[in-house]
Amino acid sequence: MNTNGQYRSVAQTIGWVILLIIALYSLVGGVWLATLGGSWYYAVLGIVLLVCAGLLWSNRETGLWLYALVLAATVVWGVWEAGTDFWALAPRYDILFLLGLWLLLPPATRGFAAPRPAKAAIGIAMIAMLGVLGYGIFNDPQEINGTLSRAQPAEAKPVSGVAAEDWPSYGRTEGGVRYSPLTQINDSNAKNLQVAWTYRTGDFRTENDSAETTNEVTPIKVGDKLFLCTPHQFLDALDAATGKRLWRYDPKLKADKTFQHLTCRGVSYHDAGNTERFPASLAKGDSTASTICPRKILLPANDGRLIAVNADNGQKCSDFGNDGEIDLQKSMPHAYPGGYNPTSPPVVTSTTIVIGGSVTDNFSNKEPSGVIRGYDVRTGALKWVFDTGAQDPNAMPGEATQFVHNSPNAWAPLAYDAQSDVVYVPTGVGTPDIWGGDRDPLKERYANSMLALDATTGRLIWHFQTTHHDLWDMDVPAQPSLMDVTLANGQTMPAIYVLTKTGNVFVLDRRNGQPIVPVTEKAVPQNVARGPQTRDERYAPTQPFSALNLAPQEKLTDKDMWGATMLDQLMCRVIFKRLNYDGIYTPPSENGTLVFPGNLGVFEWGGMSVNQDRQVALMNPIGLPFVSKLIPEDANRPHKEKHAGAESGVQPMYGTPYGVELNPFLSPLGLPCKAPAWGYVAGVDLQNHQVVWKKRIGTIRDSLPQLFQLPPLKIGVPGLGGPISTAGNVMFVAATQDNYLRAFNVSNGELLWEGRLPAGGQATPMTYAVNGKQYVVVMAGGHASFGTKMGDYLVAYALPD
């Protein structure tokens with residue numbers, strides 16, 4: 001019963017209770033946030049809402065007027081904090097807007113004397129909220145809406161030894177351009193693309209497989225055949241026109257759930273008869289063809305093998321290595337199944353196969369070596385080594401010597417300059433990644449670097465380090481891209497574009513490693529602000545930063561925190577303030593450190609697409625923070641426990657003073673604590689190295705249960721996999737957490753088309769032509785640890801006949 005002797009309706013009582021709960025939550029959480037140095041808004045809001053609740057309980061119109069004032073103040077506060085970004089404003093407004101709707105309903109104000117004027121004020125404030133949100137939908141402050149001015153030349157520059165209709169290497173060329181001169185599919189007709197054929201590999205993840213089971217393959221195409229590998233490294237040859245399987249090779253992979261990775265990004269092709277493709281290496285060595293396999297596919301197997309298979313019939317090349325196989329675990333220290341894991345296709349020249357591999361992250365300080373090796377393309381004999389942790393990197397292993405354990409590895413795809421016979425090797429950090437107190441200078445020398453090696457001898461030509469004393473897993477994660485760039489001053493230079501997890505794009509002269517785009521060494525955080533100082537650790541005083549950087553923003557603040565509602569946004573702000581964070585390269589800590597860009601990085605293994613004809617680059621950067629928390633070693637734990645193969649969660653780092661827990665920075669509801677966007681597509685003018693356009697990509701359609709589906713508004717979601725582009729002015733990219741392949745206009749980033757995929761598309765697409773018809777192909781197989789739907793679909797799209 002209210003003060004007027006009338007009984008309250010159920011709706012009135014429930015609404016009042018909800019208002020009271022929100023008021024108390026805001027007050028307690030707001031005071032907590034304010035004591036941590038955050039915004040006072042929530043504490044003040046909690047007090048005002050408590051007063052509102054008391055007035056409304058007493059059926060006083062003053063409570064309605066006060067609530068209208070709360071709404072109006074929140075509109076102003078939201079714009080002050082977040083600008084007009086729709087997705088940043090939504091959690092600031094949503095609950096208060098819904099409470100306003102409740103107060104506008106007649107049952108909510110039953111017993112009030114004259115509520116209409118106050119209700120009108122509430123309605124006006126709500127209309128203002130909707131107006132700001134509506135403006136934000138159509139005027140996204142995170143997007144850049146420019147246009148690349150240079151037109152595509154009438155004829156694309158040919159690549160020696162690569163037919164225009166083929167895609168014979170992982171990045172189409174060994175230089176990693178991911179650009180095709182085909183024009184049948186273009187910006188005018190891409191909207192008409194439809195499924196041409198679908199191939200099912202039949203290869204699915206089992207309960208005995210790694211948590212990191214992924215379908216990341218980009219097929220290659222030569223002549224009338226496609227070649228691809230599956231997560232269990234089945235090697236399939238398909239008819240390029242129909243998708244029908246011609247043959248399959250089964251390597252009998254010996255894998256289990258302890259492997260940190262179960263994936264195959266691609267395979268490599270060698271044709272001894274193609275003398276145009278690699279002229280520089282051909283001049284240096286014997287290119288005598290194998291009598292058994294003049295055309296071979298090189299298949300990396302995750303149990304530590306490299307296998308040569310006849311491209312014509314799917315039989316092993318018995319005159320290569322040991323009955324067609326090379327044991328990559330040979331001469332390895334601390335070798336164990338899955339410890340050294342080749343996941344990316346090797347570089348193949350006319351004489352030499354150059355291969356690196358992944359080493360288990362954060363498991364122990366007694367792991368295999370990250371050595372890079374060169375093998376004879378005909379016989380499989382070891383020609384040279386480059387051990388990144390050795391005094392003499394080129395010293396060959398002997399009967400009494402092995403490679404250096406835990407030396408930095410090269411797990412990402414390599415790139416090759418066929419004109420100079422130089423292979424470019426992106427390296428990571430020597431594991432364990434998050435603690436480096438026992439790394440000696442030799443293990444730091446070539447870590448997190450771009451190495452330029454003579455592909456025939458393995459001799460170092462130059463190297464460039466992108467992160468010093470890495471404690472954040474900031475590997476160089478992607479195949480670099482090679483292109484001759486014509487700068488704004490008219491000078492043409494042979495460039496290499498080095499993508500990093502930090503978002504820095506280092507643009508170097510590929511002859512000597514000198515920066516083309518300025519690089520500055522900047523001071524970075526040195527102190528552990530909360531919790532004890534990390535034992536026996538040191539920190540690099542400066543880190544290199546490129547003038548070309550695609551990181552979403554330089555530094556997060558609590559204003560950048562997010563949530564589905566104001567309530568979990570408040571909790572994200574509290575958690576953020578409790579973590580150690582002073583910008584990029586904040587040291588790891590026992591208290592917990594925010595790592596942004598996070599472990600997935602701004603760029604991952606998908607790389608970028610560069611169009612030398614037009615001097616542009618296409619990229620799909622992401623931005624998702626992680627939390628790194630050091631766990632002091634427990635002296636009573638077993639020396640080595642059986643590990644589950646994941647890259648997130650608790651990692652033991654045996655042999656160091658700490659374990660580490662690594663996880664995405666999520667709210668109590670499991671949503672990212674950083675406001676979206678978390679994923680973009682971007683176009684960069686390479687003559688002045690300016691980002692000309694940038695757009696959000698992707699929705700949360702496939703990230704929520706069907707019951708909670710929202711309208712498919714573009715929010716910008718993370719992606720794994722890279723873009724490609726064509727002379728038809730089209731960029732293709734899948735990668736995102738929603739299951740689509742999308743086509744964008746290269747000139748301005750306009751979305752041209754999107755095709756629904758049957759599973760997650762965490763792979764880089766490719767394009768080719770056969771019988772006069774152009775196809776775009778992408779693997780839709782999902783990514784177990786990324787949370788997308790698993791499958792076994794290779795989908796080809798084409799224009800209608």
Side-chain angles (χ1 to χ4, degrees), residues 21-52 69-97 129 132 141-142 525 527-531 552-598 623-629 663-676 678:
I21 291 171
I22 292 170
L24 291 172
Y25 184 99
S26 298
L27 177 59
V28 173
V31 170
W32 191 8
L33 178 61
T35 60
L36 294 170
S39 172
W40 279 90
Y41 165 81
Y42 299 91
V44 173
L45 176 67
I47 293 171
V48 176
L49 289 181
L50 282 175
V51 175
C52 275
L69 181 62
V70 167
L71 290 177
T74 299
V75 170
V76 175
W77 169 78
V79 173
W80 174 74
E81 274 214 328
T84 57
D85 188 319
F86 171 84
W87 289 105
L89 288 170
R92 289 168 165 86
Y93 292 172
D94 53 8
I95 285 182
L96 295 179
F97 184 88
M129 274 188 174
V132 172
Q142 292 195 36
N527 297 315
V528 174
R530 293 183 175 87
Q553 60 202 90
E554 186 173 340
K555 186 177 180 181
L556 298 176
T557 71
D558 67 320
K559 294 179 183 179
D560 298 307
M561 297 302 103
W562 194 69
T565 69
M566 177 185 71
L567 304 181
D568 54 314
Q569 183 192 41
L570 169 57
M571 187 51 62
C572 278
R573 294 178 83 143
V574 169
I575 297 170
F576 172 82
K577 282 293 187 180
R578 296 185 69 200
L579 292 170
N580 284 351
Y581 179 69
D582 191 25
I584 189 172
Y585 297 119
T586 299
S589 64
E590 292 183 37
N591 175 71
T593 291
L594 186 71
V595 182
F596 182 71
L624 194 65
F626 269 60
V627 175
S628 163
K629 185 175 182 179
N663 287 301
F665 182 32
L666 303 178
S667 77
L669 297 181
L671 295 174
C673 267
K674 176 196 168 292
W678 310 298

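When reading the values below, keep in mind they use all heavy atoms of this one structure, side chains included, and skip hydrogens, waters and symmetry mates.
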[X] versus [Y], closest heavy-atom pair with distance:
{"X": "Ala82", "Y": "Leu89", "result": "CB-CD2, 4.2 Å"}
{"X": "Arg530", "Y": "Asn580", "result": "N-OD1, 2.9 Å"}
{"X": "Asp568", "Y": "Ser667", "result": "OD2-OG, 3.7 Å"}
{"X": "Asp94", "Y": "Ala564", "result": "OD2-O, 2.6 Å"}
{"X": "Leu594", "Y": "Pro625", "result": "CD1-CB, 3.8 Å"}
{"X": "Gly30", "Y": "Leu570", "result": "N-CD2, 4.0 Å"}

Side chain [X], main chain [Y], donor-acceptor under 3.5 Å:
{"X": "Asn527", "Y": "Ala529", "result": "no"}
{"X": "Tyr93", "Y": "Val132", "result": "no"}
{"X": "Gln142", "Y": "Pro676", "result": "yes"}
{"X": "Asn591", "Y": "Arg578", "result": "yes"}
{"X": "Ser628", "Y": "Thr593", "result": "no"}
{"X": "Ser26", "Y": "Ala23", "result": "no"}
{"X": "Tyr25", "Y": "Leu567", "result": "yes"}

Rounded distance [0.5 Å steps], [atom1] in [X] versus [atom2] in [Y]:
{"X": "Phe626", "Y": "Leu666", "atom1": "CZ", "atom2": "CG", "answer": "8.5 Å"}
{"X": "Leu556", "Y": "Tyr581", "atom1": "CG", "atom2": "OH", "answer": "4.0 Å"}
{"X": "Met566", "Y": "Arg573", "atom1": "CE", "atom2": "CZ", "answer": "11.5 Å"}
{"X": "Leu96", "Y": "Leu45", "atom1": "CG", "atom2": "CG", "answer": "6.0 Å"}

Consider only side-chain N and O atoms of Tyr41 and Thr74, and report whether a donor and an acceptor are under 3.5 Å apart. yes
Please determine whether the number of non-hydrogen atoms from other residues, nucleotides or ligands lying under 6.0 Å from atom NZ of Lys629 exceeds 12. no
Between Trp77 and Arg92, is the side chain to side chain contact (heavy atoms under 4.5 Å, CB included) condition met? List the steps. CA-CA 9 Å; Trp77 169 78; Arg92 289 168 165 86; 3.6 Å; yes
List the steps, then state whether side chain to side chain contact (heavy atoms under 4.5 Å, CB included) holds for Leu27 with Val31. CA-CA 6 Å; Leu27 177 59; Val31 170; 4.1 Å; yes
Do the non-hydrogen side-chain atoms of Pro672 and Pro664 ever get within less than 4.5 Å of each other? no
Does any part of the side chain of Phe576, heavy atoms only, come nearer than 4.5 Å to the side chain of Cys673, both counted from C-beta? no
Sole candidate of Lys555, Lys674, Gln553 that passes side chain to side chain donor-acceptor pair (under 3.5 Å) when paired with Asp560: Gln553
Please assess Asp558 against Leu33 for the test side chain to side chain contact (heavy atoms under 4.5 Å, CB included), listing each intermediate value before the final yes or no. CA-CA 10 Å; Asp558 67 320; Leu33 178 61; 4.2 Å; yes
With a 6.0 Å cut-off on ring centres, are Trp562 and Phe665 close enough? no
